[in-house]
Amino acid sequence: MRFDEIVNAVGRTGILAEVGCDHAKLTELALTRGLCDSAVVSDISAICLAKARRTLARFGDRVTYAVADGVPHEAENADCIMICGMGGHIMRDIVCAYGGKARLVLSPQSHAELVRIALAETGRRITSDYCFESAGKYYDLITAVRGHMDVPTDMQAEFGMNWNEPTEALIAKLEKKLAALSSGGERTAKAADRIREVLKWRR
C-alpha cells in the first residue's frame with residue numbers, strides 16, 4: 001500500500017511534520033504505529049485542515065495544526081518532514097523555500113526531476129530514491145538530508161539517482177511508457193532511447 005511505503009521511509013523520529021496534509025492519513029498511520037512523539041500537520045486549505053483535525057482528534061495535543069503555504073513556522077523544530085501527493089513544480093518551490101535541517105520524505109506526483117535538482121541546489125543529499133507500485137499506479141519516493149550532492153545528471157534527474165539499478169516497478173512503468181510512445185517525432189524517439197537505456201540495466 002502506498003501509505004505504508006511512505007511511512008516506512010519515515011522510520012522512527014521525534015517531531016514529524018506533514019505538509020499538504022489533506023486528510024492527514026499519513027500522519028495518522030505514523031502516530032498509530034508509534035513512529036513519532038508528536039506531529040505538525042499543515043495545508044494551504046483551511047477546509048483540508050479541518051479534515052485533518054477530525055482524522056487526528058484522538059491524538060489530542062500531540063498534534064499541532066497550521067494553515068500555511070509551504071513548511072509552517074510551527075514545524076521549525078521538526079525532525080522529519082513529509083511532502084507527498086503534489087506536483088513536482090509545487091514541491092520544488094517548497095523545498096527551495098525551506099531552510100531547516102529536517103530530514104525530508106518526498107513523493108511527487110509528477111516532475112520528480114525538478115525535486116531532485118532542487119534538493120542538490122539547496123544543499124541536500126538524496127539518501128534513497130526509488131519507484132514503487134501501489135494499486136496499479138507508480139510513485140517516486142525520495143528521502144534527503146542536509147549535505148552536499150552534485151547536481152543530478154539528466155538520467156538521474158529523470159529516472160532516479162539509481163536509474164542503472166532499476167526496481168521492478170520502474171521497469172514496469174517504463175515498459176508501459178515505451179509501448180505508449182508513437183514513432184514519428186524526434187522528441188519521441190529521444191525519449192524512447194532514454195527509456196531503453198534504463199531498461200537495459202534490468203536484472
Side-chain angles (χ1 to χ4, degrees), residues 1-119 121-122 124 126-129 131-132 134-135 137-146:
M1 183 179 176
R2 178 185 168 216
F3 287 178
D4 288 304
E5 193 77 33
I6 294 170
V7 169
N8 286 342
V10 171
R12 183 68 178 88
T13 193
I15 303 173
L16 174 65
E18 182 181 359
V19 175
C21 65
D22 195 28
H23 289 270
K25 293 293 186 180
L26 286 168
T27 297
E28 179 186 32
L29 185 58
L31 284 165
T32 300
R33 292 184 176 178
L35 296 179
C36 59
D37 300 321
S38 60
V40 178
V41 294
S42 69
D43 202 286
I44 195 172
S45 165
I47 294 174
C48 286
L49 202 63
K51 298 175 187 176
R53 286 182 183 276
R54 292 193 290 272
T55 299
L56 303 175
R58 70 184 185 277
F59 297 104
D61 59 7
R62 292 177 63 192
V63 183
T64 300
Y65 304 87
V67 175
D69 183 4
V71 179
H73 69 84
E74 289 88 348
E76 61 184 1
N77 294 320
D79 299 295
C80 181
I81 295 176
M82 295 186 294
I83 312 175
C84 307
M86 60 182 71
H89 291 87
I90 298 174
M91 196 173 291
R92 172 199 59 194
D93 293 345
I94 294 173
V95 166
C96 288
Y98 174 62
K101 297 180 181 180
R103 179 170 171 266
L104 302 179
V105 175
L106 312 170
S107 186
Q109 292 290 86
S110 64
H111 299 289
E113 71 277 4
L114 300 178
V115 178
R116 295 183 179 105
I117 293 169
L119 289 168
E121 292 180 341
T122 55
R124 293 180 174 89
I126 293 175
T127 53
S128 67
D129 182 2
C131 174
F132 69 95
S134 178
K137 296 183 179 180
Y138 300 96
Y139 302 91
D140 289 297
L141 184 55
I142 303 165
T143 63
V145 296
R146 276 291 181 186

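Computed from heavy atoms alone, side chains included, the values below leave out hydrogens, waters and symmetry copies.
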**Q** Closest approach of Glu5 and Leu141, non-hydrogen atoms and distance?
**A**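 Heavy atoms of Glu5 and Leu141 come nearest at O-CD2, 3.7 Å.
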
**Q** Supply the atom-to-atom distance Asn8 CG to Met1 CE, rounded to the nearest 0.5 angstrom.
**A**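 These two atoms lie 11.5 Å from each other.
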
**Q** Ignoring hydrogens and geometry, is there a side-chain-to-backbone donor-acceptor pair from Asp43 to Leu49 under 3.5 Å?
**A**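 Judged by distance alone, no pair lies under 3.5 Å.
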
**Q** Evaluate the side-chain proximity of Leu35 to Leu16: yes if any heavy-atom separation is below 4.5 Å, no if none is.
**A**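 Contact flag for Leu16/Leu35 side chains = no.
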
**Q** Nearest 0.5 Å, what's the CZ-CD1 distance between Arg116 and Ile142?
**A**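 Interatomic distance, Arg116 CZ to Ile142 CD1, rounded to 0.5 Å: 4.0 Å.
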
**Q** Look up atom CG in Asp22 and atom CD1 in Ile47, then write down how far apart they are to the nearest 0.5 Å.
**A** 11.0 Å

**Q** What is the minimum heavy-atom distance between Ala52 and Val41, and which atoms define it?
**A** CB-CG2, 4.4 Å

**Q** Compile the donor-acceptor pairs under 3.5 Å between side chains in residues 95-108 and protein atoms, sequence neighbours left out, one pair per line.
**A**
| unit_1 | atom_1 | unit_2 | atom_2 | d |
| --- | --- | --- | --- | --- |
| Tyr98 | OH | Lys101 | N | 3.4 |
| Tyr98 | OH | Ala102 | N | 3.1 |
| Arg103 | NH1 | Ala9 | O | 3.1 |
| Arg103 | NH1 | Val10 | O | 3.2 |
| Arg103 | NH2 | Ala9 | O | 2.7 |
| Ser107 | OG | Asp140 | O | 2.8 |

**Q** For residues 63-90, which side-chain N or O atoms pair as donor and acceptor with protein atoms under 3.5 Å away, sequence neighbours left out?
**A**
| unit_1 | atom_1 | unit_2 | atom_2 | d |
| --- | --- | --- | --- | --- |
| Asp79 | OD2 | Ile15 | N | 2.7 |

**Q** Pairs in or reaching into residues 53-63: which pass salt bridge (Lys or Arg N to Asp or Glu O under 4.0 Å), with residues at least two apart or in two chains?
**A** Glu28-Arg58

**Q** Can you tell me how far CG of Leu56 sits from CD of Glu18, rounded to the nearest 0.5 angstrom?
**A** 8.0 Å

**Q** Return the CG to CG distance between Leu26 and Leu31, rounded to the nearest 0.5 Å.
**A** 11.0 Å

**Q** List the steps, then state whether side-chain contact (heavy atoms from CB on, under 4.5 Å) holds for Asp37 with Arg12.
**A** CA-CA 9 Å; Asp37 300 321; Arg12 183 68 178 88; 2.6 Å; yes

